[in-house]
Amino acid sequence: MLPPDQWGSDEPAPPYDVPRGTCPRCGSDQVVHLVIGMPASPEEFGSGPDWVSWVGCIHPGFDRSCADCGHTWDARLDGANDE
Ligand SMILES: [Zn+2]
């Protein structure tokens, strides 16, 4: 038997499960993800791991940065952008 209202308002936000990856420059795993766009609800804001930074609607031109060497890149370019 399925309980009713399984998709009710108490549905928790899905966990942030994007692979963290590594820096294409120095190979560090101290990668920070810049998440473009606003979360669906205020509760989600900042709910990810501490290496996830919500940057709202302002696209800085990259969505990954390295905490070790400061390199920034766009994950969608698959590391092809070598500054
Ligand atoms: Zn790096």
Side-chain angles (χ1 to χ4, degrees):
M1 298 289 273
L2 292 173
D5 298 320
Q6 189 67 22
W7 298 99
S9 59
D10 289 337
E11 184 74 10
Y16 188 85
D17 59 357
V18 178
R20 191 172 182 179
T22 56
C23 175
R25 175 191 275 173
C26 72
S28 170
D29 61 358
Q30 299 302 304
V31 174
V32 178
H33 289 198
L34 286 79
V35 181
I36 312 301
M38 300 297 285
S41 67
E43 288 77 20
E44 287 182 57
F45 200 85
S47 65
D50 60 7
W51 44 267
V52 173
S53 178
W54 297 94
V55 294
C57 299
I58 303 170
H59 198 305
F62 56 88
D63 60 9
R64 295 290 186 273
S65 69
C66 175
D68 277 357
C69 74
H71 184 51
T72 58
W73 69 100
D74 190 327
R76 290 168 300 180
L77 298 179
D78 198 26
N81 183 14
D82 191 23
E83 291 196 65

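Numbering of ligands and ligand atoms starts at 1, following listing order.
Of all heavy-atom pairs spanning Trp51 and Val18, the tightest one is CH2-O, 3.7 Å. The two atoms that bring Leu34 and Ser65 nearest to each other are CD1-OG, 3.9 Å, heavy atoms only. Of all heavy-atom pairs between Cys69 and Cys66, the closest is N-SG, 3.4 Å. Nearest heavy-atom pair, Trp73 versus Phe62, reported as atom, atom and distance to 0.1 Å: O-CB, 3.2 Å. Nearest heavy atom pair, residue Asp63 against residue Ala75, reads OD1-N, 2.8 Å.
Only protein atoms were considered; those of element N, O or S under 2.8 Å from the Zn ion (ligand 1) number 4.
No donor-acceptor pair closer than 3.5 Å links the side chain of Arg64 to the backbone N or O of Val31.
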